[in-house]
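Here the structure is a predicted model, which is why all the values come from computation and not from measurement. Residue numbers begin at 1 in each chain, while the letters A, B, ... track the order of the sequences.
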Amino acid sequence: MLQLIWDGLFVGSFYALIALGYSMVYGIIKLLNFAHGDLYMLGAFIGFTTLTAMGGVTASMSIVALLITMMVSMLLTGGMGVFIERVAYRPLRNSPRLAVLITAVGASFTLEYSVAAIAGPNPRVFPIRLESDTLNFFGARITIAQLVLVGIAILLMVALNAYITRSSVGRAMRAIALDPKGALLMGINVNSVIARTFFIGSALAGAAGVMAGAYYGKIEFLMGFVIGLKAFTAAVIGGIGNIKGAMLGGMLLGLLEAFGSHFLGGEWRDVFTFSVLILFLSLKPTGILGERVTERV
Amino acid sequence: MFAKLKQQSFAGKASDGNPLTRLLNSKYMGWVGLGIALVAPLIIATNYALNIMTTALIFVLLAAGLNIVVGYCGLLDLGYVAFMAVGAYTAGIIAKSFELPLLFTVPAVMVMTILAGLIIGAPTLRLRSDYLAIVTLGFGEIIRITANNLTITGGPSGIYGIPGFSIGDLDLDQPVIFYYITAIVVSLLVLAAARLSKSRLGRAWRCIREDEDAAEAMGIHTYKVKLLAYIFGAVWGGLAGVLFAAHLSAVSPKSFVFLQSALILMAVVLGGMGNMKGVVVGAVFISLMPEIFRDLSEYRYVFFGLLLIVVMIIRPQGVWPTRNREPERMEDVMDAKIVQEARA
């Protein structure tokens, strides 16, 4: 039981990290960034390349190496996110929704198959695996590696929350989310703030990618597809556009999945998750922490 | 006098524009396409070529079905291949367990696909369009994983040895005969879909695509009409699934991945959303792509993703969009024209 809860929270912290980017972008420009899950995949592959380039990493150095790799990966995926926004989304900011959604699918497709063409379509084995001692906590097995990863995830989330609630850029983000035109009139550089949002969101996804690679040990070019869907589910559960909601939704989804796959069998896990998504969207589309959206007339 | 002029120009609205526009708008284009499809086996009739052509036709049917949903009604469906899966599996399972020719499974397939359309459409079509996109993505995955895990669908290896269309001694499964059956079925269904857009329902779909709130205000029951678009799309997809099962005599979950849905969407977008002629061309292009772009091989899908972005930025309506605009907008064009003519 406790084991299930712990596993759920652990996976949930990954979902939460990715859901944050999804939710931030959606909150600000009301765009479903389909390519977001693929940035997670890209992060994992950049981490793979960096670690391979660093050569033999001794086991004792693995945490340090992982942190460095994560920094590199976050910078590059963040840059990629900004690039995608600039090239594929910004020119379409005033066009019909359908056009932007299709561009987002195109961006996702391009990322996936570029990586497949460069790195090969077969799964790759991550150069380091976090193998460590197991702690016994009231009957639940918890590895040190899991603790470290959850710690990093929580740290990133707390930092992001502080950034959004305290800094002036965070305030600008919230202003744009409320009223883009009003924010523009108040002298906010809307484009640069949106670019920054993309950078942060994509960097978080990249970090999650490296963490997942190090933990699961195997990466492949389609790994972002399902996780992107799940992150979206998490964002919806928590209330899309809401930062705290994304964190809560991620954790909740992790727990739901852990229990769902325990009782239904692991092969039904994804079916269960997406059914939860459909159920949630039809019963409470605003999510747990979301505010009621008033229809614009 | 202006009113009269306007009427005249309305009557001859297909005749404006340059020769190329006129050619592309010509109503005989469909017959030309059908002619090409019917003559093709007389030119090359190797089994390999017939195989590719049949696959292309099935793909055309899929694109025509998705065009109803995305092109006419403006609802983005990213899991369209799920309906094809429902059709193919229903046909396969029934045909195999009762040893029936596939032709007799069509009613059951229709029922199942309509059900599938209702199940996914009913709860989600009240939502905004972008939510719908991601829900359909999830739905596509649900269907694929379910097919992968159930025993009745044969699990990961799927169902094989599905009987074809043959009835009694009548052998309809020879490649050439099968190709012609497919060609006739597909062209009838494409024609039906094209006619649908001109019906009252089709006009309602287009209104919803242009402005849902305005359509609602004009008395269109948007939820019901959107659901109908969904159901029509599902039935077209399901019938494509039957043809697919008959063509390969096997179905497996691997045929119904997201890549397929994305490719069908690409055909619709490249062809021009809402324009059935364009969509047919787009579908033929996409399905022949592996043959055309052999050299690109690994970068093929990269190229396609980029193409999708570029097309949307340059031509948000698709490469060959539908030309018959709504009358009000036509009038503006006419007014400008009349003013121009008066000046000359």
Practice task
Please assess A:F109 against B:L307 for the test side chain to side chain contact (heavy atoms under 4.5 Å, CB included), listing each intermediate value before the final yes or no.
Solution key: CA-CA 10 Å; A:F109 225 59; B:L307 198 62; over 6 Å; no
Problem - Top contributor to chain A interface from B:N148, B:L76, B:L78, B:N149 [non-hydrogen pairs under 4.5 Å] - result: B:N149
Practice task
Could you tell me which of B:A133, B:P316, B:P123 has the largest number of non-hydrogen atom pairs under 4.5 Å with chain A?
Solution key: B:P123
Handout entry: Rounded distance (nearest 0.5 Å) linking atom OH of B:Y131 with atom CG of A:L277
Key = 10.0 Å
Completion exercise
Ranking B:V135, B:T146, B:V269 by heavy-atom pairs under 4.5 Å to chain A gives rank one to B:T146
Handout entry: Under 4.5 Å from any heavy atom of chain B - which part of A:I278
Key = side chain
Exercise for the section: Against chain B, label A:I102 side chain, backbone, both or neither, depending on which of its atoms sit under 4.5 Å from a heavy atom there. Expected result: both
Exercise for the section: Please name the pair of heavy atoms, one in A:L98 and one in B:M273, separated by the smallest distance, quoted to 0.1 Å. Expected result: CD2-SD, 3.8 Å
Problem - Interface moiety of A:S114 toward chain B, non-hydrogen atoms closer than 4.5 Å - result: both
Practice task
Using a 4.5 Å cut-off on heavy atoms from C-beta on, say whether the side chain of B:E141 contacts that of A:L229.
Solution key: yes
Exercise for the section: Could you have a look at B:L259, B:I143, B:V310 and say which one has the most heavy-atom pairs with chain A under 4.5 angstrom? Expected result: B:L259
Exercise for the section: Measure the CD1-CD1 distance between A:I84 and B:I309 for me, rounded to the nearest 0.5 Å. Expected result: 7.5 Å
Practice task
Answer yes or no: does atom CZ of A:F83 have more than 12 heavy-atom neighbours from other residues, nucleotides or ligands under 6.0 Å?
Solution key: no
Handout entry: Part of B:V311 lying under 4.5 Å from any heavy atom of chain A
Key = neither
Exercise for the section: Count the heavy atoms of every other residue, nucleotide or ligand shown that sit under 6.0 Å from CE of B:M112, and state whether that count exceeds 12. Expected result: no
Problem - Any B:F258 side-chain heavy atom under 4.5 Å of A:L222 side chain - result: no
Practice task
Answer with side chain, backbone, both or neither: which region of A:S275 has an atom nearer than 4.5 Å to a non-hydrogen atom of chain B?
Solution key: both
Problem - Heavy-atom neighbours of B:I152 CD1 exceed 12 at 6.0 Å - result: no
Handout entry: Heavy atoms of other groups near A:K244 NZ, more than 12 under 6.0 Å
Key = no
Exercise for the section: Answer with side chain, backbone, both or neither: which region of A:V87 has an atom nearer than 4.5 Å to a non-hydrogen atom of chain B? Expected result: backbone
Problem - Largest heavy-atom contact set with chain A, pairs under 4.5 Å, which of B:I313, B:L308, B:I134 - result: B:I134
Fill in the blank from the handout: Bottom line for A:Y26: the part with an atom under 4.5 Å from chain B's heavy atoms is side chain
Practice task
May I ask you to check whether over 12 heavy atoms, not counting those of A:R86, lie within 6.0 Å of atom CZ?
Solution key: no
Practice task
State the CG-CE distance between A:L101 and B:M312, to the nearest 0.5 angstrom.
Solution key: 10.5 Å
Handout entry: Criterion side chain to side chain contact (heavy atoms under 4.5 Å, CB included) on B:L137 and A:F232, from CA distance to verdict
Key = CA-CA 11 Å; B:L137 199 61; A:F232 176 80; over 6 Å; no
Handout entry: Proximal component of A:K230, with respect to chain B [non-hydrogen, under 4.5 Å]
Key = neither
